[in-house]
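Working notes for the structure below.
Chain naming here is simple, since letters A, B, ... match the order of the sequence lines and numbering starts at 1 in each.
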Number of protein chains: 2
Amino acid sequence: MGNAVIDTCRIIHAMEDSPGEYARSDSNEEIMLATYCALREHGYADLTIKRIAEEYGKSTAAVHYYYETKDDLLVAFLDYLLDQFIDTVHEVETVDPQQRLDLLLDKLLTDPADHRNLLVALLEMQSQAPYKITFREQLQQNDEYLRYLLRTVISHGIEEGVFSDVDAEHAAQSLMTIVHGARTRAVVLDDPNALVTARRTADDYVDAVLQTNPE
Amino acid sequence: MGNAVIDTCRIIHAMEDSPGEYARSDSNEEIMLATYCALREHGYADLTIKRIAEEYGKSTAAVHYYYETKDDLLVAFLDYLLDQFIDTVHEVETVDPQQRLDLLLDKLLTDPADHRNLLVALLEMQSQAPYKITFREQLQQNDEYLRYLLRTVISHGIEEGVFSDVDAEHAAQSLMTIVHGARTRAVVLDDPNALVTARRTADDYVDAVLQTNPE
DNA sequence: CCTACCGATCGGTAGG
DNA sequence: CCTACCGATCGGTAGG
């Protein structure tokens, strides 16, 4: 499993080292990737500038050249990481409420590719939320946005009469709770099944609480 | 908020420094408490033997006298921490399925006293699960036990005809997902309301999925 | 249990 | 961007 992770990072680096298409100003992107790999391999507690520099392939001074302090770098990295999750969700373009909610939950609770590695990285960053106000605010904003997406689609469904007239904000919070619970359990208990189970739980919830039973 | 934490730890220390009732062999308990406070105040990434020793009120060598390595200490501490949660749940003695499930969820999703501090400590320890097999196994065992309690009470309810004939294991996993999600959100987003909301979500789930509608 | 100390490593900087 | 280096701090141990 440890090897799988390293491989993933090697693959990412390989992809990115390919033909020099865009300007070298993408050093930032490279450092973000290096941070991602170093974090995934060592965890937040053992994440050092030196290890990031090793993944980056340059010296520690090179890292400090782009980011004055370790904190600056990590704040930027958390934005980068949360964007990865947002991007996935933005792939859903359907507007039909039932279908859209279904697909949003799919994106939030499965989808993968590199999902497991992303979830580990997220867990590590989350663990610093009680101590770094910046992190906490970034995570709050992300949660708020995802909740907004859910609340909106639920409201639309209610207006169209396909969902029961429930408290849309509460329903959105409930689904976010299931999402966070699934992610935590998947990574902490090392149980990939946790996401699949939670996807079903979310469906239970939608079917039983939101869905109008046409009979 | 930072002050509130420190105060909590001071209070705990005060309680424990009171009349010398039991033998001094309780140094272990004192070190566990010191670790709890140091962890709560600084987070896992900045948890050092020195800081634990400061909370303990003795030298770092004193800590190493009882625990050979930092790892040994932290493994013992995780057991200690998880026991705190288990103890709370064990206060539920009711056998009536509906009432018992209700009270179990209360204990898992509210109860507090020092709940928030306990949740922060848990989050910190969880963040090391991907890197320390021992931690992961301890957390797996804990989750398994709580799931067992839920599955059992659900099965009893089904036998007695007060719950629908659902997959008890899946229902238990769903509730555990909600519990983990609530804890994560409460601490990471610093939203005490997350627990209350999730308690309602759990009720939604129980009412809609488990409860037989007698009509 | 304490004092004193070990080698290793940390984030960050000076000077180029 | 690199080499070389800074003071501070880490987990752990020797000797008592």
Do NZ/NE/NH1/NH2 and the carboxylate oxygens of B:Asp106 and B:Arg199 come within less than 4.0 Å?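 Here B:Asp106 pairs with B:Arg199 in a salt bridge, since their nearest N and O are under 4.0 Å apart.
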Is A:Arg116 salt-bridged to A:Asp190, cutoff N-O under 4.0 Å?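 Answer for the salt bridge query: yes.
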Looking across every strand, which nucleic acid part, if any, lies under 4.0 Å from B:Ala61 by heavy atom: base, sugar-phosphate, or nothing?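 If one applies the 4.0 Å heavy-atom cut-off, B:Ala61 turns out to touch a base.
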For [X] and [Y], test the side chains for any donor-to-acceptor distance below 3.5 angstrom and give the result as yes or no.
{"X": "A:Gln99", "Y": "A:Thr94", "result": "no"}
{"X": "A:Asn28", "Y": "A:Tyr66", "result": "no"}
{"X": "A:Thr184", "Y": "B:Thr184", "result": "yes"}

Min side-chain heavy-atom separation B:Leu74-B:Thr69 under 4.5 Å: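 The answer is no; the side chains never approach within 4.5 Å.
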For DNA chain D, which ranges pair as stems of 3 or more consecutive Watson-Crick or G-U pairs, with both donor-acceptor distances under 3.5 Å?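 DNA chain D forms these stems: C:1-16 with D:1-16.
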Checking A:Glu169 now: which residues fulfil salt bridge (Lys or Arg N to Asp or Glu O under 4.0 Å) with it, not counting sequence neighbours?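 Applying salt bridge (Lys or Arg N to Asp or Glu O under 4.0 Å) to A:Glu169 gives A:Arg147, A:Arg151.
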For D:dC1, does either OP1 or OP2 sit under 4.0 Å from a side-chain N or O belonging to A:Tyr56?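 Result: yes.
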Check: B:Arg100 side chain, B:Val95 main-chain N or O, donor-acceptor pair, under 3.5 Å: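 Not confirmed, B:Arg100 side chain does not pair with B:Val95 backbone.
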Protein-nucleotides 5-12 of chain C N/O pairs under 3.5 Å:
from   : atom 1 : to      : atom 2 : distance (Å)
C:dG11 : OP1    : A:Lys70 : NZ     : 2.9
C:dG11 : OP2    : A:Ile49 : N      : 3.1
C:dG12 : OP2    : A:His64 : NE2    : 3.2
C:dG12 : OP2    : A:Lys70 : N      : 2.7

